[in-house]
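To start, the structure under review is shown below, and the notes come after it.
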Number of protein chains: 2
Amino acid sequence: MKEHDHAGRPRATLEDVAREAGVSRATASRAIRGGDLVSSANREAVQEAVERLGYVPNPAARSLVTRQTDTIAVVVPEHDDRIFSDPFIGRTIAGVGEALADTPQQVVLLMRSRSRGNEQLAAYLRGGHVDGIVVVSHHRDDHLAREIARSQLPTAFIGRPLEDGIDLPYVDLDNVAGGRLAAERLLASGMRHPATVTGPQDMVAAIDRLAGWGEALRAAGLDDSVRYEGDFTMLPAQELGRRLFEEHPEVDGVFAANDLIAVGVMNAARERGLRVPGDVRIVGFDDTPLGMSTHPQLTSITNPAGELARIATQLVLDQLAGERPAWPVILTPELVARESA
Amino acid sequence: MKEHDHAGRPRATLEDVAREAGVSRATASRAIRGGDLVSSANREAVQEAVERLGYVPNPAARSLVTRQTDTIAVVVPEHDDRIFSDPFIGRTIAGVGEALADTPQQVVLLMRSRSRGNEQLAAYLRGGHVDGIVVVSHHRDDHLAREIARSQLPTAFIGRPLEDGIDLPYVDLDNVAGGRLAAERLLASGMRHPATVTGPQDMVAAIDRLAGWGEALRAAGLDDSVRYEGDFTMLPAQELGRRLFEEHPEVDGVFAANDLIAVGVMNAARERGLRVPGDVRIVGFDDTPLGMSTHPQLTSITNPAGELARIATQLVLDQLAGERPAWPVILTPELVARESA
DNA sequence: CTGAAAGCGCTTACAG
DNA sequence: CTGAAAGCGCTTACAG
């Protein structure tokens with residue numbers, strides 16, 4: 001069963017190119033991979049043959065001998081609904097792709113399967129399909145860190161890995177500082193009754209943001225106990241917002257652990273007839289485009305997804321090149337003041 | 001350069017398994033792939049050896065002989081910002097993954113590259129990395145249909161391909177009927193001055209929705225000339241909405257070609273102090289979760305992404321199995337009445 | 001049901 | 001700079 005092209009001819013092989021160019025397979029191979037140890041005459045002959053034949057190297061054959069697949073996995077242990085609705089995750093995935101644009105590496109997106117959880121994903125990683133891994137949106141119990149550590153593959157986490165005894169390269173935002181920034185902004189605008197809707201407490205970003213928030217509140221002598229645990233998505237956050245304003249009508253400042261949560265809380269506030277920022281001030285996180293389309297526009301904390309992705313990718317690329325890059329890399333968040341707080 | 005596992009041993013090969021189980025490579029291979037022509041004693045021995053050694057077949061070696069890659073590409077010729085913000089696209093990608101969950105096939109997501117456009121994507125397809133292709137969000141001039149037709153790979157488009165002389169399997173929603181549905185709803189609620197913000201007119205969904213809309217309006221004796229061309233995203237749609245209400249203050253009904261556009265238009269209406277649906281009624285399209293989080297909630301037209309993805313995937317799988325599936329498959333949209341119209 | 005052998009399409013020391 | 005040859009790790013007729 002041979003492969004055929006659109007004209008019905010079997011797909012050209014290196015052997016065909018070599019014959020057509022009048023050289024051996026070895027020099028054809030060298031010429032194609034831009035080898036420097038090929039005479040320019042032969043290089044040209046091969047080049048022409050390649051074009052005439054429409055030759056494309058068989059990646060399986062190449063991988064078999066080079067032991068490289070030229071593909072990097074972006075692992076996102078989340079379901080599609082979150083992956084395709086959270087702008088931060090999207091920017092991150094795209095960022096890896098952009099960072100790899102000038103390399104031969106391809107990106108493959110691996111997400112949590114609805115039917116088989118992370119097991120399918122782990123099996124793929126184990127299967128030798130990829131040369132390196134970038135992980136984003138890791139949860140404490142997804143067992144990914146352990147699995148990946150065992151794989152010995154070049155890896156970088158975006159966000160500090162959470163499993164015990166795991167020591168893997170990562171890049172992260174200083175989320176504690178981010179939480180503090182949110183508190184300080186709200187404090188400065190006169191908030192007396194703070195509340196927060198957090199992210200899931202099995203994720204390091206959510207944990208750290210809450211830590212920074214609580215720390216700053218306590219330092220200011222305020223109560224930090226009003227908190228609702230969300231999951232970084234909008235609709236559940238909206239429901240949480242309803243409960244929040246119901247159970248704590250005195251609240252006049254809310255730190256939402258990401259912009260999606262912020263929009264949910266803002267909707268809940270509007271439903272209650274609360275004005276933002278008049279009655280209640282809201283600060284989001286991630287500084288996504290979403291925040292510019294709300295009314296009022298959202299004050300938020302930066303979380304440079306593209307930059308994090310770029311650095312994580314470089315961490316993997318360095319390991320692939322046999323180097324030992326320095327890590328962790330920690331970026332500093334900033335507050336973007338708009339209208340909501 | 002051998003591959004090593006976490007204990008420093010080179011990765012086990014089929015040869016190792018065969019030796020360990022006391023059989024030939026051939027029967028080891030048969031046993032592993034669930035071959036029926038292996039004695040149960042040998043099957044068990046091989047099974048044990050596989051586990052003891054932690055053996056995982058080398059996919060490159062297997063592909064080289066089977067000429068199958070066990071991967072299906074989901075091709076989305078859009079930039080990341082749209083892919084990761086449009087719920088319809090996200091559901092579609094995830095739907096392909098779900099439809100493949102019980103097969104050995106893996107999904108790889110191919111999107112338009114910022115630096116190299118669709119060329120990189122086409123090169124990957126040409127490279128023999130995949131067994132089949134599902135295309136979503138195709139544009140008239142992305143040259144994908146032609147490229148894919150030449151590749152001879154099993155393919156299915158979600159949305160009728162637009163290039164001339166291309167005859168490729170596809171599944172689609174009856175978007176003309178959808179546009180009509182929107183018009184009828186608005187007409188029934190007493191709209192006298194219709195307007196529409198369309199999708200990009202190089203996409204079949206956008207073209208067809210507009211056609212159905214215009215047709216129904218003219219049938220009702222109304223003017224269908226007030227139209228603004230959007231690109232299926234929210235922020236530009238919001239700007240278009242501003243212009244619309246500025247230039248046509250008489251408008252009392254808007255058909256937005258998708259929910260993202262609808263949200264943009266709704267925001268623009270609110271900015272102008274227009275009440276929805278009091279002053280202006282709005283119908284969206286795609287019936288995404290987004291529409292349930294707006295105020296008022298969005299009346300929309302269904303566009304079953306998961307179902308479309310499932311059918312498209314099946315179309316590809318059938319071709320892979322050497323069958324000739326019937327196409328096109330056309331689904332019928334329905335109106336979901338909520339608050340905005 | 002089983003094994004020896006050929007072959008998939010490349011790359012890469014090695015010798016020249 | 002070049003070619004003959006070995007080898008990457010599998011699968012699959014073929015003969016038994």
Side-chain angles (χ1 to χ4, degrees), chain A residues 1-5 9-47 49-50 53-70 104 126-129 131, chain B residues 1-5 9-47 49-50 53-70 104 126-129 131:
Chain A
M1 185 176 75
K2 284 231 165 203
E3 289 178 81
H4 293 258
D5 73 2
R9 280 184 309 249
R11 176 169 170 158
T13 157
L14 184 62
E15 176 87 54
D16 302 326
V17 172
R19 190 183 320 110
E20 182 88 2
V23 299
S24 71
R25 261 153 57 218
T27 80
S29 174
R30 292 186 192 106
I32 285 166
R33 283 167 307 112
D36 33 335
L37 1 76
V38 181
S39 70
S40 57
N42 277 344
R43 199 200 321 277
E44 275 170 36
V46 169
Q47 195 52 49
V50 163
L53 267 30
Y55 170 73
V56 181
N58 179 321
R62 176 175 282 181
S63 284
L64 184 55
V65 17
T66 63
R67 294 164 174 295
Q68 302 200 142
T69 61
D70 286 351
R126 242 183 274 121
H129 296 270
D131 293 344
Chain B
M1 188 174 76
K2 282 229 164 203
E3 288 178 82
H4 294 259
D5 72 3
R9 280 185 308 252
R11 177 169 170 157
T13 156
L14 184 61
E15 176 87 54
D16 301 326
V17 172
R19 191 184 318 111
E20 182 88 2
V23 299
S24 71
R25 260 153 58 218
T27 80
S29 174
R30 292 186 193 107
I32 285 166
R33 281 167 307 112
D36 34 335
L37 1 77
V38 181
S39 70
S40 57
N42 276 344
R43 200 199 321 277
E44 277 170 35
V46 170
Q47 195 53 50
V50 164
L53 267 30
Y55 171 72
V56 181
N58 179 320
R62 176 175 282 181
S63 284
L64 184 54
V65 19
T66 63
R67 293 164 173 295
Q68 303 199 143
T69 60
D70 285 349
R126 242 181 275 121
H129 297 268
D131 293 343

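So you know, we letter chains A, B, ... as the sequences are listed, proteins then strands, and number each from 1.
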Quiz item: Is any side-chain nitrogen or oxygen of B/Asn42 closer than 4.0 Å to OP1 or OP2 of C/dT2?
Solution: yes
Quiz item: Taking the side chain of A/Thr66 as its heavy atoms from C-beta onward, which of C/dC8, D/dT2, C/dT11 lies nearest to it?
Solution: C/dT11
Quiz item: Out of D/dC8, D/dC1, C/dT2, which has the shortest distance to the side chain of A/Val65?
Solution: D/dC8
Exercise. State which of D/dA13, D/dG3, D/dT12 makes the closest approach to the side chain of A/Ala26.
Key: D/dG3
Quiz prompt | Integer-rounded Å distance: C/dG7 P and A/Asn58 CG | solution = 18 Å
Practice problem: Could you tell me which non-hydrogen atom of B/Tyr55 sits nearest to which non-hydrogen atom of B/Thr13, and how far apart they are? | Solution: CE1-C, 3.5 Å
Quiz item: A/Val23 has a side chain; which of C/dT12, D/dC8, D/dG3 sits nearest to it?
Solution: D/dG3
Practice problem: Please determine if a side-chain N or O atom of A/Arg33 lies less than 4.0 Å away from the OP1 or OP2 oxygen of C/dT11. | Solution: yes
Exercise. For nucleotides D/dT12 and D/dG16, find the distance between their C1' atoms and express it as a whole number of Å.
Key: 16 Å
Quiz item: Atom CG of B/Asp70 to atom P of D/dC10: distance rounded to whole Å?
Solution: 15 Å
Quiz item: Atom CZ in A/Arg19, atom OG in A/Ser24: separation rounded to 0.5 Å?
Solution: 13.0 Å
Quiz item: Would you say a side-chain N or O of B/Ser24 is under 4.0 Å from OP1 or OP2 of C/dA4?
Solution: no
Quiz item: Will you find, in the side chains of B/Arg25 and B/Ser29, an N or O donor that is under 3.5 Å from an N or O acceptor?
Solution: no
Exercise. Assign each of B/Thr27 and A/Leu14 to its nearest nucleotide of DNA chain C by heavy atoms, then name whichever residue's nucleotide is nearer the 5' end.
Key: B/Thr27
Quiz item: To the side chain of B/Arg25, which of C/dT11, C/dA6, D/dG9 is closest?
Solution: C/dA6
Quiz item: Rounded to the Å, how far apart are B/Gln68 CD and D/dC10 C1'?
Solution: 14 Å
Quiz item: In whole Å, what is the span from the CG atom of A/Asp16 to the P atom of C/dC8?
Solution: 11 Å
Quiz item: Rounding to a whole Å, what distance do you find between A/Ile32:CD1 and C/dG9:P?
Solution: 14 Å
Quiz prompt | N or O in side chain of B/Arg62 less than 4.0 angstrom from C/dC8 OP1/OP2 | solution = no
Quiz item: If you round to the nearest 0.5 Å, how far is CD1 of B/Ile32 from OG1 of B/Thr27?
Solution: 9.0 Å
Quiz item: Choosing from C/dC10, D/dC1, D/dC10, which nucleotide comes nearest the side chain of A/Ser39?
Solution: D/dC1
Exercise. Provide, to the nearest angstrom, the distance between the CZ atom belonging to B/Arg19 and the P atom belonging to C/dG3.
Key: 15 Å
Practice problem: Taking only the side-chain nitrogens and oxygens of A/Thr13, find out if one of them lies under 4.0 Å from OP1 or OP2 of C/dC10. | Solution: yes
Self-check item: Residue mapping more 5' on DNA chain C - nearest nucleotide basis, B/Leu64 or B/Gly22
Solution: B/Gly22
Exercise. Identify which nucleotide among C/dA4, C/dC8, C/dC1 has an atom closest to any side-chain atom of B/Arg67, counting heavy atoms from C-beta outward.
Key: C/dC8
Quiz prompt | 4.5 Å side-chain heavy-atom contact, A/Val38 and A/Val23 | solution = no
Exercise. Would you state whether a donor and an acceptor, one from the side chain of A/Arg11 and one from the base of C/dG9, lie under 3.5 Å apart?
Key: no
Exercise. Can you tell me the distance, in whole Å, between the CD atom of A/Glu15 and the P atom of D/dA5?
Key: 13 Å
Quiz item: How many angstroms lie between atom CG of A/Leu14 and atom CG of A/Leu53, to the nearest 0.5 angstrom?
Solution: 11.0 Å
Self-check item: Protein-nucleotide distance (B/Arg30, atom CZ; D/dA13, atom P), rounded to Å
Solution: 10 Å
Exercise. Drop me the distance from B/Arg11's CZ to B/Asn58's CG, to the nearest 0.5 angstrom.
Key: 6.0 Å
Exercise. Give the stems involving DNA chain C, where a stem is 3 or more consecutive Watson-Crick or G-U wobble pairs (i with j, i+1 with j-1, and so on) under 3.5 Å.
Key: C:1-3 with D:14-16, C:5-12 with D:5-12, C:14-16 with D:1-3
Quiz prompt | Residue pair A/Val50 / A/Glu20, side-chain heavy-atom distance below 4.5 Å | solution = no
